[in-house]
Structures are given as C-alpha cells and as structure tokens.
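Below is one structure; the comments refer to it alone.
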Amino acid sequence: MSMRIGYGFDSHAFKAGVPLVIGGLKIEHDEGLAGHSDGDVLLHAITDALLGAVSAGDIGSFFPPSDPRWKNAASSIFLATALEEIAIAGYRIVNIDTVLVLAQPKIGPISGDLRQSVADLLAVSPRDVGIKAKTPEGMNLDHVAMAHATVLLESIDLPAGAERMVAEAESDAEIDGVVESLVGGKRDFSALGRKLPGFDTDDLT
Ligand SMILES: [Zn+2]
C-alpha cells in the first residue's frame with residue numbers, strides 16, 4: 001500500500017448581496033464570499049489538496065475563472081472532479097484536516113453541520129473530517145475568509161488474484177485470449193454500442 005498527502009489553500013473577500021456558502025453549507029450571514037463560482041473557500045482548499053495529492057494540477061487548471069460555465073457554479077462540482085481524479089489514480093481518502101480563518105460569522109454553533117456537509121460531499125465519515133476555525137488575529141484581514149486543507153490518501157490495492165490477472169493480461173492479444181477462454185468469443189465493444197472506456201478529462205476544462 002502507498003500513501004500520499006496533499007495540501008490546499010484558498011482565500012476570498014466578503015461581499016454584500018451574495019449568499020454565504022462554506023463547506024457546501026448555506027450559512028445565515030449578511031455577506032457572502034466574492035468569487036467567480038459560489039466562493040466556497042473551504043471546498044476550494046480541499047479540492048486543491050486532493051488534486052495536489054495525486055499531482056493532478058489545481059482547481060484553476062480544471063475550472064479556469066475565464067470560463068463562463070463556472071460562473072456562480074456550486075463548488076461541489078469541483079470537489080466531485082477532484083474525487084474522480086484520485087479514484088482514477090487509484091487512491092482513496094484516509095482523512096482530511098482543515099483550518100478556516102475568518103472573523104465572522106462564528107463557526108462554533110454550526111461546526112457539526114459543517115463537518116457533516118463536508119463528510120457527505122467526500123463520501124467519508126465525519127470522524128475523518130477535521131474542521132478548525134480561527135479568527136485572523138493580528139492579520140488585519142477581517143474582511144477575508146481563508147482556508148487551509150491537508151488530506152491523506154491511501155492506495156486502493158487490488159486483491160492478490162486480480163493483480164495477477166492484470167499482470168497476465170498485458171497485451172491486447174492476451175486479453176482476447178483470456179476473454180475468449182471465458183466467454184468463448186472475441187471482444188466486440190461495438191456490438192454494445194459504446195467505445196472502449198477511457199479517462200478523457202479534456203471536456204472539463
Ligand atoms: Zn476559491
């Protein structure tokens with residue numbers, strides 16, 4: 001088994017007239033976070049931590065702010081893409097830890113809901129999600145929200161038998177041979193009306 005760590009940081013300024021969304025949770029407050037998307041500073045930091053852990057770039061390379069498709073987009077879309085990337089790389093989340101830095105609103109009363117929301121979006125237990133809130137003491141940044149995130153991943157190891165089959169079926173001819181022996185015929189994906197599976201993420205950027 002192999003392990004990887006990732007780290008992400010993000011910041012957004014507060015802005016009147018937009019809803020405040022943090023960790024996928026809509027929070028009662030008189031200001032929201034300015035951004036091309038919904039400005040969810042916590043999900044953006046977690047997305048970058050996940051992408052960084054598998055060296056898959058960053059949130060800007062997948063979702064450039066210049067693309068009008070991501071205007072006011074829910075940041076859960078960004079997170080879902082990062083989760084796909086770590087799955088394609090063969091990893092899953094062990095745990096994540098985060099720090100939210102903001103003067104207002106107070107996170108204490110909603111910390112349980114926030115943790116549950118992030119855990120749901122990551123499809124992990126709330127026990128594996130840390131969210132700590134700090135005020136930006138001495139930084140003169142009371143009108144900004146910042147988030148730091150670290151994530152630990154572990155490889156999804158195939159069972160010993162499956163690993164052996166993958167190693168044995170290295171060439172196309174060998175795969176054909178294996179399939180033939182299993183079902184008595186050649187592979188014919190065209191008959192199923194679909195192409196061979198691929199991991200083309202070009203359409204995401
Ligand atoms: Zn952001």
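Reckoned from all heavy atoms, side chains included, excluding hydrogens, waters and symmetry mates. Bear in mind that the values here come from a model prediction, so they are computed numbers and not experimental data. The residues of the chain are indexed from 1 along the displayed sequence. We count ligands from 1, going down the list as the structure has it; atoms in each ligand are counted the same way.
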Problem - T150 versus D97, side-chain donor and acceptor atoms under 3.5 Å - result: no

Fill in the blank from the handout: d(H44 NE2, S75 OG) to nearest 0.5 Å is 2.5 Å

Problem - Atoms of the protein (N/O/S only) found under 2.8 Å from the Zn ion (ligand 1) - result: D10 OD2, H12 NE2, H44 ND1

Exercise for the section: Decide, yes or no, whether a salt bridge links R92 with E154 under the criterion of side-chain N to carboxylate O below 4.0 Å. Expected result: yes

Practice task
Please identify each residue that fulfils ring-ring contact (aromatic ring centres under 6.0 Å, His included) with F9, with sequence neighbours left out.
Solution key: H148

Practice task
Report yes if some heavy atom in the side chain of L43 is under 4.5 Å from a heavy atom in the side chain of F78; otherwise report no.
Solution key: no

Problem - Heavy-atom side-chain proximity of I110 to I27 below 4.5 angstrom - result: yes

